[in-house]
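As structure tokens, the structure follows; a few thoughts come after it.
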Amino acid sequence: MDLAFKIFVYGTIFCFGVCIFSFLNVLIYRIPKKIQFVKGSSFCPTCNHELGVFDLFPILSYIFLGGKCRYCKAKISPRYAFVELLGGVLALAAAIKYFPFSHFFEHIHIHDDMWISIIKAVFAFVLFALLTVVTFIDIDTQEIGNGASIMAAVMGIISIFLLTEVSPLEHIIGFFVISVPMLILVLIIPGAFGGGDIKFMFGIGGLLGWKLALFGFFSGCIVGGVVAVVGMILGKIKRKDHVAFGPFLCIGVIIALLFGRAFLDWYFRGLI
């Protein structure tokens, strides 16, 4: 298949992810502030000036405006562009994980099995979008809202019928394998985890199944531990500082979904 066509397909998926995550920036900013996000134009958070069309091109507007508002010249956080770029990367990751591109490029024909793969890829991308919103809202507010937990639980139920590579029993056990120990630990050590973390991991655990849920949880703990140690060495984090754990849980979930199955297969194959 012509290389230009492959570039077009991958480029389209990347741009789709960038555009969707550009909207997620709106959710991340407005949901904690309880600002309507279905209606209303985008505006500069510093001067409240309504943004024009040329201010809203994902990534490109940030670059061409030099990271500053066109109207008041206030600095724009690079996080906005980072989230948009992350969307493109995660869209490609979800597509490559679940969609058989090699067969598609050879035949340019979508059969029934491919439609299932497309649905799985979209499902994974929606999960990545949810994890991204949870991550950045938790960083800003140190809270995971009930809406995110409910959505995670709904996706966990859907995954029982969609992600059939994991048995229904594994999904069901997954709902409890992380959330219940977290709850018990909180009862023993008040404040060990936030209530939002526990409720969110209830749904995510069911979605992944118990094996990947455990892998994702411990992956998140490792990432969080490394960040905490580096932060303390650099003086950015003090020993008594409270650091939101939700973002590390979300990173662990992404690692588990993309690489967990391959890692566990490799690990247990090595034990035999």
Side-chain angles (χ1 to χ4, degrees), residues 7-99 118-141 143-145 147-148 150-152 154-155 200 204 244 246-247 249-251 253-255 257-258:
I7 294 175
F8 170 76
V9 172
Y10 288 125
T12 300
I13 294 171
F14 179 83
C15 291
F16 171 80
V18 167
C19 292
I20 295 298
F21 272 51
S22 181
F23 175 68
L24 294 191
N25 274 322
V26 176
L27 300 184
I28 292 167
Y29 177 80
R30 296 191 181 190
I31 288 177
K33 299 179 183 297
K34 295 180 170 49
I35 301 175
Q36 174 65 259
F37 58 82
V38 177
K39 299 179 181 179
S41 302
S42 295
F43 57 88
C44 170
T46 301
C47 66
N48 292 323
H49 194 289
E50 184 176 318
L51 302 182
V53 175
F54 294 106
D55 303 317
L56 297 173
F57 282 96
I59 300 177
L60 296 178
S61 290
Y62 180 84
I63 294 173
F64 292 137
L65 292 173
K68 296 181 180 179
C69 172
R70 182 193 301 274
Y71 309 99
C72 68
K73 306 304 179 184
K75 287 186 178 181
I76 300 172
S77 172
R79 192 175 86 173
Y80 292 105
F82 172 77
V83 169
E84 292 165 350
L85 180 62
L86 180 65
V89 172
L90 291 178
L92 284 175
I96 293 171
K97 171 72 176 178
Y98 288 104
F99 188 77
I118 291 174
I119 293 172
K120 288 182 177 180
V122 171
F123 183 81
F125 180 70
V126 172
L127 173 61
F128 292 155
L130 174 62
L131 294 171
T132 300
V133 171
V134 167
T135 292
F136 288 100
I137 289 181
D138 198 17
I139 289 173
D140 292 339
T141 67
E143 290 183 0
I144 298 179
I150 291 171
M151 185 171 179
V154 171
M155 293 185 72
F200 188 66
I204 292 297
L249 287 176
C250 292
I251 291 172
V253 171
I254 292 174
I255 293 173
L257 191 65
L258 293 178

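Judged purely by atom type and a 3.5 angstrom limit, Asp138 has no side-chain atom pairing as donor or acceptor with the backbone of Ala244. When atom types are taken as modelled, the side chain of Ser42 and the backbone of Leu51 share no donor-acceptor pair closer than 3.5 angstrom. A donor-acceptor pair under 3.5 Å links the side-chain atoms of Thr132 to the main chain of Phe128, judged by distance alone.
Of all heavy-atom pairs spanning Ala148 and Ile144, the tightest one is CB-CG2, 4.2 Å. Residue Phe123 comes nearest to Met155 through the heavy atom pair CZ-O, 3.4 Å, listed as atom of the first residue, atom of the second, then distance. The shortest heavy-atom contact between Lys97 and Leu258 is NZ-O, 3.4 Å. Contact between Leu27 and Ile137 at its shortest, heavy atoms only, is O-CD1, 4.3 Å. Heavy atoms only, all atoms of each residue included: Arg30 and Ser41 are closest at NH2-O, 3.0 Å. Taking both residues in full, the closest heavy atoms of Tyr62 and Ser77 are given as CE1-O, 3.9 Å, listed atom of the first, atom of the second, then distance.
Taking the side chain as every heavy atom from C-beta outward, Thr12 and Phe16 never approach each other to under 4.5 Å. With a 4.5 Å cut-off on side-chain heavy atoms, Arg70 and Phe54 count as touching. Between Phe200 and Ile150 there is no side-chain heavy-atom pair separated by less than 4.5 Å.
Ring geometry, Phe21 versus Phe125: the interplanar angle falls from 30° to 60°, so the pair is classed tilted.
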Give the C-alpha distance, both sets of side-chain angles, the deciding distance and a yes or no for side-chain contact (heavy atoms from CB on, under 4.5 Å) between Leu131 and Leu249.
-> CA-CA 9 Å; Leu131 294 171; Leu249 287 176; over 6 Å; no
Checking side-chain contact (heavy atoms from CB on, under 4.5 Å) for the pair Ile59/Val18: CA distance, chi angles, key distance, verdict?
-> CA-CA 8 Å; Ile59 300 177; Val18 167; 4.1 Å; yes
Assess whether side-chain contact (heavy atoms from CB on, under 4.5 Å) is satisfied between Thr46 and Lys75, documenting all intermediate values.
-> CA-CA 9 Å; Thr46 301; Lys75 287 186 178 181; over 6 Å; no
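Here OG of Ser61 is found 14.0 Å from OH of Tyr80. Values are rounded to the nearest 0.5 Å. Atom OH in Tyr10 sits 15.0 Å away from atom SG in Cys15 (nearest 0.5 Å). Note that the SG atom of Cys69 and the NE2 atom of His49 stand 8.0 Å from one another [nearest 0.5 Å]. With rounding to the nearest 0.5 angstrom, the CD atom of Glu84 is 5.5 Å from the CG atom of Asn25. In this structure, NZ in Lys33 is found 13.0 Å from CD1 in Ile28, a value given to the nearest 0.5 Å. Atoms CG and CZ, from Asp55 and Phe64 in turn, are 13.0 Å apart once rounded to the nearest 0.5 Å.
Atom CZ of Phe43 sits in a crowded spot, with more than 12 heavy atoms from other residues, nucleotides or ligands closer than 6.0 Å.
Between Asp140 and Tyr29, the side chains place no donor N or O within less than 3.5 Å of an acceptor N or O (distance only, hydrogens not considered).
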